[in-house]
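Step one of this worksheet: look at the structure below.
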There are 2 protein chains.
Amino acid sequence: MTEVERTLDNKSVRPTAMRILIYKFMASKNTAVALTDIENAFEKAERTTLYRTLKTFEEKGIVHQIDDGTNISKFALCQPGCNCEIDQDLHLHFHCSHCDKTVCLTEHKIPHINLPHGYIAEDANLVIKGVCDSCSAH
Amino acid sequence: MTEVERTLDNKSVRPTAMRILIYKFMASKNTAVALTDIENAFEKAERTTLYRTLKTFEEKGIVHQIDDGTNISKFALCQPGCNCEIDQDLHLHFHCSHCDKTVCLTEHKIPHINLPHGYIAEDANLVIKGVCDSCSAH
DNA sequence: GAGACCATGCAACAGAAGTGCATTTAATGG
DNA sequence: CCATTAAATGCACTTCTGTTGCATGGTCTC
């Protein structure tokens with residue numbers, strides 16, 4: 001049993017060949033990936049399988065879904081300190097308008113916001129758009 | 001020339017009948033509206049016209065587009081203090097998971113975030129999800 | 001090995017976003 | 001006031017993402 005297989009198994013996800021490939025692909029990237037990204041990476045991939053795999057991963061806390069404002073759902077592996085299951089302490093995401101990549105800034109948490117009377121916060125999403133470090137270096 | 005016509009004219013948008021209707025519709029709502037909302041409100045409305053009208057409004061700074069995480073673009077009239085053209089001082093949005101409405105919290109600004117080295121912020125989007133005041137009252 | 005359960009593949013649909021082109025409407029100049 | 005021009009609208013159509021239903025295949029358990 002490999003490292004990846006153990007990870008999936010720990011999260012009660014049966015480590016099939018396809019799932020291991022998807023997991024490894026996401027682990028190899030340091031950016032959030034869209035379903036289409038994975039589809040393009042593997043010729044033999046079936047959209048539906050990828051779709052359901054990502055859903056399963058999300059339900060089991062292996063990845064978290066990211067809405068970066070492009071209206072295309074992206075996904076990233078949960079890191080230690082990701083805390084995406086807990087409603088507090090959510091990290092923010094950065095979307096580069098130059099290379100169109102989205103990254104998790106796991107260290108950077110969303111500050112607490114005081115809401116008007118009657119409003120109850122349950123979740124928060126903060127996306128900063130701009131130029132990422134790779135793009136600003138060139 | 002009515003108040004609405006003057007407003008559009010000031011922003012260099014020709015005040016056609018359709019545009020005035022759309023503007024008034026949005027002004028009558030205190031929530032952000034999706035293209036489909038407007039389409040349903042006016043039987044005679046053409047999707048394309050609405051689509052392009054909203055784009056024009058956005059370009060001319062009459063409305064701002066809101067991405068509330070539902071993957072459906074919403075729009076709201078810019079208010080005094082909206083400042084959506086300036087990159088600083090952006091207000092946040094609240095999406096109610098109960099009534100599915102999205103509102104601008106114009107008074108509530110997005111706090112400044114320190115980004116890692118090399119990252120340049122140009123825009124920011126903060127959406128709080130939860131229960132709005134109307135829904136929490138019931 | 002049989003049965004059950006889960007994963008995968010295939011087909012199809014829904015909804016939103018976006019584009020091209022023809023036609024109507026409104027503004028402008030003579 | 002009419003003709004010209006430019007902008008706005010309407011219609012048809014395409015693309016892309018997300019989603020579901022159903023049949024098939026693989027895997028695990030008893």
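Lettering of chains follows the sequences in order, A, B, ..., and the numbering in each one begins at 1. This structure is a prediction, so every number in the text was calculated from the model and none was measured.
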So, does A:T16 get its side chain near the phosphate of C:dT8, meaning an N or O under 4.0 Å from OP1 or OP2?
yes

Quick one: list whatever passes side chain to side chain donor-acceptor pair (under 3.5 Å) with B:H108, sequence neighbours left out.
none

In whole Å, what is the span from the NZ atom of A:K55 to the P atom of D:dT17?
17 Å

D:dA7 P sits how many Å from B:D9 CG, rounded?
15 Å

Taking the minimum atom-to-atom distance to the side chain of A:R19, which one of D:dA8, D:dG21, C:dA7 wins?
C:dA7

Give me the ring orientation class for A:Y119 and B:F94: parallel if the planes are under 30° apart, tilted from 30 to 60°, perpendicular past 60°.
perpendicular

Between CD of B:E59 and C1' of D:dA7 the distance, given in whole Å, is 14 Å

Tell me whether A:I66 is reachable from A:L35 by hopping between hydrophobic residues (I, L, V, M, F, W, Y) whose side-chain heavy atoms are closer than 4.5 Å.
no

Base, sugar-phosphate or nothing for A:T56? Non-hydrogen atoms, less than 4.0 Å.
nothing

What integer distance in Å separates B:L8:CG from D:dA8:C1'?
14 Å

Separation of C:dA7 atom C1' from A:K60 atom NZ, nearest Å, is 13 Å

To the nearest 0.5 Å, what is the distance between CZ (B:R14) and CG (B:D9)?
10.5 Å

For atom CD1 of A:I72 and atom P of C:dA16, their distance in whole Å:
16 Å

Applying side chain to side chain donor-acceptor pair (under 3.5 Å), name anything that partners B:T2, two or more places apart in sequence or on another chain.
B:E5

Sorted by number, the residues of residues 34-51 of chain B with heavy-atom contact under 4.0 Å to DNA chain C:
B:T36, B:R47, B:T48, B:Y51

Counting only distance, no hydrogens or angles, is the base of D:dG26 paired donor-acceptor with the side chain of A:R14 under 3.5 Å?
no

Heavy atoms only: give me the nearest A:V131-A:S136 pair and the separation to one decimal.
CG1-N, 3.6 Å

CD1 of B:I20 versus P of C:dT25: gap in Å, rounded?
16 Å

To the nearest Å, give me how far apart CZ (B:R52) and C1' (D:dA12) are.
12 Å

Hey, what's the ring geometry for A:F57 with A:Y23, parallel, tilted or perpendicular (30° and 60° as the breaks)?
perpendicular

Could you work out which one of D:dA8, C:dG9, D:dG18 sits closest to the side chain of B:N71?
D:dG18

